[in-house]
2 protein chains.
Amino acid sequence: MARSPKLERRVLDALWGGGEWSVRQIREEVDPALAYTTFATVLDRLHDKGEVDRAKVDGAWRYSASRSREEALAAEVGRVLQRAAGAPEPLLVAFLDQMERADPEALLRLEKLLKARRGTP
Amino acid sequence: MARSPKLERRVLDALWGGGEWSVRQIREEVDPALAYTTFATVLDRLHDKGEVDRAKVDGAWRYSASRSREEALAAEVGRVLQRAAGAPEPLLVAFLDQMERADPEALLRLEKLLKARRGTP
DNA sequence: GACCTCTACGACGGATTGTCGTAGACATCG
DNA sequence: CGATGTCTACGACAATCCGTCGTAGAGGTC
């Protein structure tokens with residue numbers, strides 16, 4: 001059986017799109033060629049890890065992301081920054097470099113966001 | 001034998017401190033309670049993955065980081081940002097939220113960095 | 001009761017990683 | 001020369017993670 005890389009990630013991607021999903025719907029969306037129980041297991045494990053919420057509807061689980069994509073990614077970035085504790089500045093610079101390369105206007109928006117935030121603490 | 005979490009990471013941390021290290025020195029620095037060959041193996045595997053360089057001196061390897069801590073962590077941040085391509089703005093907001101919670105002064109430093117950057121584009 | 005869907009749980013295999021042992025190369029010291 | 005010590009290369013075992021699936025059983029519907 002060929003291993004599809006990052007199946008958990010693809011499931012999360014679907015959930016991050018918004019809404020509540022049954023196992024069956026996730027399977028349709030992500031990869032209908034895989035077995036139903038594959039997705040049941042993946043979602044179960046994601047729930048164990050707290051990455052998704054679920055509620056029972058008519059005897060079946062409905063899954064939804066427990067955090068938005070942005071919150072999840074920001075948390076990851078935060079964990080990386082954590083490892084640079086003591087000297088975060090050079091890493092922040094590198095972070096800004098990356099961001100500028102990805103989107104030259106992002107720095108301007110970031111500055112606006114900072115200003116706005118200072119206005120309403 | 002209790003598994004120490006993230007041994008590779010701790011070895012990298014030592015190397016990121018700078019300089020060239022023998023296996024023995026790394027062992028002294030990181031955890032002298034573990035066997036010599038444990039660190040020999042860890043360093044060997046890090047070398048296989050290209051995360052460290054090495055050169056033979058008097059018949060023994062001297063290891064050094066192949067990238068600075070900042071380069072390595074920035075690359076990780078870059079991979080995370082890659083996944084947010086297309087909608088970076090909400091990620092910025094979440095990132096700022098996260099940073100403010102972790103360290104309220106970090107926002108000030110970030111603002112300074114942005115100002116300095118605009119001075120020398 | 002037959003059929004269907006769903007969950008819970010276990011299982012297998014591949015990859016990663018923490019941990020160590022052994023075998024052999026090489027040097028040093030008596 | 002042989003004993004001792006250090007180093008590398010390689011293999012091995014276990015734990016963990018994750019992709020993948022099967023089976024057992026609960027519960028509904030015709």
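Numbers restart at 1 for each chain; the letters A, B, ... are given by sequence-line order, proteins then strands.
- The nearest whole Å value for the distance from the CG atom in B:D58 to the C1' atom in D:dT6 is 12 Å.
- When distances are taken from the side chain of B:R45 to each of C:dT17, D:dG19, C:dT7, the shortest belongs to C:dT17.
- Atom CG in A:L43 sits 9.5 Å away from atom CD in A:E8 (nearest 0.5 Å).
- Between the axis at the start and the axis at the end of the helix from C:dG1-D:dC30 to C:dG30-D:dC1 there is an angle of 20°, using five pairs per end and rounding to 10 degrees.
- Nearest nucleotide to the side chain of B:A60, out of D:dT8, C:dC20, C:dT5: D:dT8.
- Going from atom CD1 of B:I26 over to atom P of D:dC7 covers 13 Å, rounded to whole Å.
- Rounded to whole Å, atom P of D:dT16 lies 17 Å from atom CD of A:E8.
- Nearest-nucleotide mapping onto DNA chain C: of A:Y63 and B:S4, the residue sitting toward the 5' end is A:Y63.
- An OP1 or OP2 oxygen of C:dC6 is reached within less than 4.0 angstrom by no side-chain nitrogen or oxygen of A:K56.
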Per-pair distances, 0.1 Å, donor-acceptor, side chain in residues 29-40 of chain A, under 3.5 Å, sequence neighbours excluded:
unit_1: A:D31; atom_1: OD1; unit_2: A:A33; atom_2: N; d: 3.0

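- In this entry the distance linking CZ of B:F39 with P of D:dC7 reads 14 Å, nearest Å.
- As judged by a 4.0 angstrom heavy-atom cut-off over every strand, B:A40 is placed among residues making no nucleic acid contact.
- Below the 3.5 angstrom threshold, one finds no donor paired with an acceptor across the side chain of B:R10 and the base of C:dG18.
- Once rounded to the nearest 0.5 Å, the distance linking NZ of B:K115 with CD of B:E111 reads 4.5 Å.
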Which donor-acceptor pairs under 3.5 Å do side chains of residues 50-65 of chain B form with protein atoms, sequence neighbours excluded?
unit_1: B:R54; atom_1: NH1; unit_2: B:D44; atom_2: OD1; d: 2.9
unit_1: B:R54; atom_1: NH1; unit_2: B:Y63; atom_2: OH; d: 3.1

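- Within the model, atoms CG of A:L113 and CG of A:L108 stand 11.0 Å from one another, a figure rounded to the nearest 0.5 Å.
- With hydrogens and angles left out, the side chain of A:T41 and the base of D:dC18 share no donor-acceptor pair within 3.5 Å.
- Rounded to whole Å, the distance from NZ on B:K6 to P on C:dG18 is 9 Å.
- Side chain of B:S4 to main chain of B:L7: no donor-acceptor pair is present (N/O by atom type, distance under 3.5 Å, no hydrogens or angles).
- Without hydrogens or angle criteria, A:E71 side chain to A:S68 main chain gives a donor-acceptor distance under 3.5 Å.
- One atom, OH of A:Y36, and another, P of D:dT23, lie 17 Å apart when rounded to the nearest Å.
- The CG-P distance, from B:L7 to C:dT17, rounds to 11 Å in whole Å.
- Taking 4.0 angstrom as the limit, A:R3 places none of its side-chain polar atoms (N or O) nearer than this to OP1 or OP2 of C:dG13.
- Distance CG (A:L46) to P (D:dC17): 13 Å, rounded to an integer number of Å.
- Residue B:R117 comes nearest to A:V93 through the heavy atom pair NH2-O, 3.6 Å, listed as atom of the first residue, atom of the second, then distance.
- Of the listed nucleotides (C:dT7, C:dG13, D:dT20), D:dT20 has the atom at the smallest distance from the side chain of A:T38.
- Remark: B:K49 is in phosphate contact with C:dT17, judged by side-chain N or O atoms under 4.0 Å from OP1 or OP2.
- For B:T37 and C:dG21, a side-chain-to-base donor-acceptor distance below 3.5 Å is present, hydrogens and geometry of angles not being considered.
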